[in-house]
*Asks:* 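Quick one: the structure is below, and I'll ask about it shortly.
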Amino acid sequence: MAVLGHDAIVNTPSPALVTKRGARRMPRLALLLLCAAYVLPGVFGRDPWRNADITAFGYMLSLAEGRSAWLQPALGGVPADAALLPYWLGALFIQLLQPWVDPALAARLPFAALLALVLSLTWYSCYQLARTEAAQPVAFAFGGEAEPVDYARAVADAAVLALIASLGLLQLGHETTPELAQLFGVNLFLWSMAAAPYRLWRARAGLLTSLMVVAGSGAPTVAVALGLGGTLVLARSTYAQSRRLAAWSAAAAGAAAVVAWLLGTWAWRIAGSFSGADLLSIGREWLWFMWPAWLLALWTLWRWRRHLLHRHVSVPLVSVLVALVASLVMGGAERTLLLALPGLAVLAAFALPTLNRSTTAAIDWFSMILFTLCAGALWVIYASVQVGIPAKPAANVAKLAPGFVPEFSWLALALALLGTGAWIWLLRWRTGRHREALWKSLVLPAGGVALCLVLLMTLGLPILDYARSNRPLVERLARHLPPGACVVTPEASLTLVASLEVFGGYRVDARHGPADTRCDYLVRVEPLNRAAVPPPGWTRVARERRPTDRNNLTAVYRRQPAG
């Protein structure tokens, strides 16, 4: 690890070849529109979805409504194990925007802003790293090479496109969960390291703030590891400004540890031993989660292998290695793997100046075919559900999501048509005579991901919301539960507890069993094809099934009258 931080300028020739025309930056309006098309879908018009999304929102709503203490967010009386800062952030926005804004939307807005900041920080991190002398392309004998600032802007544009194209960010980046706050903190740390030679005081503040945010968001070990890795990188730097920050990075690691201790976020999540099958499964998960950034990042490490000691490679590589090791130690946890994406995107951007024309053409054709087919499939399913032509996709939807009633929205249709039109225009632009732009190879991957996201969150949102929200289940349970009833949920998942509190407004007791609670109603999940014995003193009222659940039923019990 120690050798990663040395950024001495040596006489090793740069593998980058970029002309002055190739370093032209992406039009600002186009880049901003693409970022908006990536950040905004899914913010409006949907419920919090099952598992982490609804669980995190449940904690935030509990804080905002005063049902739990700010230092101990709880669901059904069960306190959260970590990540206080993100819960506070969502709860504060719920309180600030009530009653004008729906609580789910109010909690989602600051996290959408965090995602926008992640994209922005990725750009500025890559820009600062690309400005260094070692990262610059080869100077031509007769001139015509890219100007340093123009080159840095073009590479930074490519880094943002690489991050948008990363498949792992597609879902996790649009949830209201602590991992998005952790991602922001890691990205702020990356920017602080990158900006050290140019923005000394801002870099100091960024180092301290970033690691405390990561620790307070539920990843204190990652924060401390980043601080120690950053200390080694900065201490070995040939930039005097960077060396001055080494002590600040160590102090930031210590501050992160103190914050974690004060907020009680220390928690060991180390997995047990791994079998060969486990490692193979983790490897497959890594391949798709970090696609396509990991492929370009590996190419960067190969082509710039004589420059690994330079900061434009070593700084993002430190954050990537910390996230990869943390994910592996936790059994391949994809939510920890999310923290590697900004560094991978920066590394991927430095691969573009070294790619040949045939490689970029292969990327273009693969992206064009893949995302055009995906978009076409979404349009076919939408047409089938709305008008019944063709009939097969609608029949499959009815089978997978029984009870779903199609909804039509002119606004959703207009946005989907607008996104599809933009994709067609992008294909025409890319297949035209536009070979010189450095970032051109990542336009179609990023645009294709944004297109599919727009179509999913417009044409497919009613189906997704029905399938992934627990509202339909709670509405079915409400037929058998009085409004505001006290419900005990022994051994229930936090997803179910949060759903009962959020969608049903019930008073949930998740701490006690049927024999210890004062509640008159009991809700528990039972296997579909197995007879369940009622707890002593309770009578089963009904068994309901979530529309898309094929394995379990949710049973409602009522306490038997005394005597």
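The figures that follow rest on heavy atoms only: side chains count, while hydrogens, waters and symmetry mates do not. As the structure is a prediction and not an experimental result, all values here were calculated from the model.
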*Asks:* How far does CG of Asp47 sit from CG of Leu105, to the nearest 0.5 angstrom?
*Replies:* 12.0 Å
*Asks:* Are Leu339 and Val214 close enough that some pair of their side-chain heavy atoms sits under 4.5 Å apart?
*Replies:* no
*Asks:* Only one of Phe93, Phe57, Tyr59 passes ring-ring contact (aromatic ring centres under 6.0 Å, His included) with Tyr87; say which it is.
*Replies:* Tyr59
*Asks:* So, His174 side chain and Tyr38 main chain: donor-acceptor pair closer than 3.5 Å or not?
*Replies:*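 Checking the backbone N and O of Tyr38 against the side chain of His174, a donor-acceptor pair under 3.5 Å is found.
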*Asks:* Is it the case that atom CH2 in Trp288 sees more than 12 heavy atoms from other parts of the structure closer than 6.0 Å?
*Replies:* yes
*Asks:* Hey, is the main chain of Leu324 close enough, under 3.5 Å, to the side chain of Ser327 for a donor-acceptor pair?
*Replies:* no
*Asks:* Can you list the steps and then say if Val213 with Leu188 is a side-chain contact (heavy atoms from CB on, under 4.5 Å)?
*Replies:* CA-CA 10 Å; Val213 168; Leu188 181 58; 5.8 Å; no
*Asks:* For Phe111 versus Ala107, what's the shortest heavy-atom pair and its separation?
*Replies:*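 Nearest pair, atom of Phe111 first, then Ala107: CD1-O, 3.1 Å.
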*Asks:* Just jot down the side-chain contact (heavy atoms from CB on, under 4.5 Å) partners of Leu287, sequence neighbours excluded, or say none.
*Replies:* Trp294
*Asks:* OH/Tyr124 to SG/Cys126 distance, rounded to the nearest 0.5 angstrom?
*Replies:*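 Taking OH in Tyr124 and SG in Cys126, the distance rounds to 13.0 Å.
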*Asks:* Counting only N and O atoms by type, is there a donor-acceptor contact under 3.5 Å from the side chain of Thr132 to the main-chain atoms of Gln128?
*Replies:*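 Absent.
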*Asks:* Is the side chain of Gln72 donor-acceptor paired with the backbone N or O of Ala80 at a distance under 3.5 Å, no angle test?
*Replies:*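 Here the side-chain-to-backbone pair does not exist.
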*Asks:* Kindly indicate whether the side chain of Leu190, heavy atoms from C-beta on, has any atom under 4.5 Å from the side chain of Leu121.
*Replies:* no
*Asks:* In Å, rounded to the nearest 0.5 Å, how long is the span from CE of Met457 to CG of Asp465?
*Replies:* 9.0 Å
*Asks:* Within the 4.5 Å heavy-atom criterion, are Pro15 and Phe350 side-chain neighbours or not?
*Replies:* no
*Asks:* Between the side chain of Ser62 and the main-chain N/O of Gly58, is any donor-acceptor distance below 3.5 Å?
*Replies:* no
*Asks:* For the pair Val443 and Leu34, evaluate side-chain contact (heavy atoms from CB on, under 4.5 Å) and give the outcome as yes or no after the intermediate values.
*Replies:* CA-CA 10 Å; Val443 168; Leu34 178 61; over 6 Å; no
*Asks:* Should we say atom CZ of Arg305 is surrounded by more than 12 heavy atoms from elsewhere, each under 6.0 Å from it?
*Replies:*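 Yes.
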*Asks:* So, do Val329 and Thr221 sit near enough that their side-chain heavy atoms are less than 4.5 Å apart?
*Replies:*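 No, every pair of side-chain atoms sits at 4.5 Å or beyond.
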*Asks:* For Leu347, does its backbone N or O pair with a side-chain atom of Thr300 as donor and acceptor, under 3.5 Å?
*Replies:* yes
*Asks:* Could you check whether His310 and Trp304 have their ring centres less than 6.0 Å apart?
*Replies:* no
*Asks:* Determine the interplanar angle of the Trp70 and Trp88 rings, folded into 0 to 90°, and report it as parallel if under 30°, tilted if 30 to 60°, perpendicular if over 60°.
*Replies:* tilted
*Asks:* Are any of the side-chain heavy atoms of Pro445 and Leu161 separated by less than 4.5 Å?
*Replies:* no
*Asks:* Would you kindly say whether Arg244 and Gln241 are connected by a side-chain donor-acceptor distance under 3.5 Å?
*Replies:*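 No, no side-chain donor-acceptor contact under 3.5 Å.
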*Asks:* Taking the side chain as every heavy atom from C-beta outward, state whether Ser499 and Leu473 have any pair of such atoms under 4.5 Å apart.
*Replies:* no
*Asks:* So do Gln182 and Arg335 actually touch side chain to side chain, heavy atoms under 4.5 Å?
*Replies:* no
*Asks:* Who passes salt bridge (charged side-chain N to carboxylate O under 4.0 Å, His left out) against Arg46, sequence neighbours left out?
*Replies:* Asp53
*Asks:* Nearest 0.5 Å, please: how far is OG in Ser319 from CG in Asn187?
*Replies:* 8.5 Å
*Asks:* Ignoring hydrogens and geometry, is there a side-chain-to-backbone donor-acceptor pair from Ser249 to Gly227 under 3.5 Å?
*Replies:*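 Side chain of Ser249 to backbone of Gly227, a donor-acceptor pair under 3.5 Å: yes, one is there.
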*Asks:* Spell out, as yes or no, whether a donor-acceptor pair under 3.5 Å connects the side chain of Arg311 to the backbone of Ala194.
*Replies:* yes
*Asks:* Are Leu89 and Leu85 close enough that some pair of their side-chain heavy atoms sits under 4.5 Å apart?
*Replies:* no
*Asks:* If you look at every heavy atom in Leu464 and Leu456, which pair is closest and at what distance?
*Replies:*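 Closest heavy-atom pair between Leu464 and Leu456: CD1-O, 3.7 Å.
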*Asks:* Working to the nearest 0.5 Å, report the span between CE of Met290 and CG of Leu341.
*Replies:* 8.0 Å
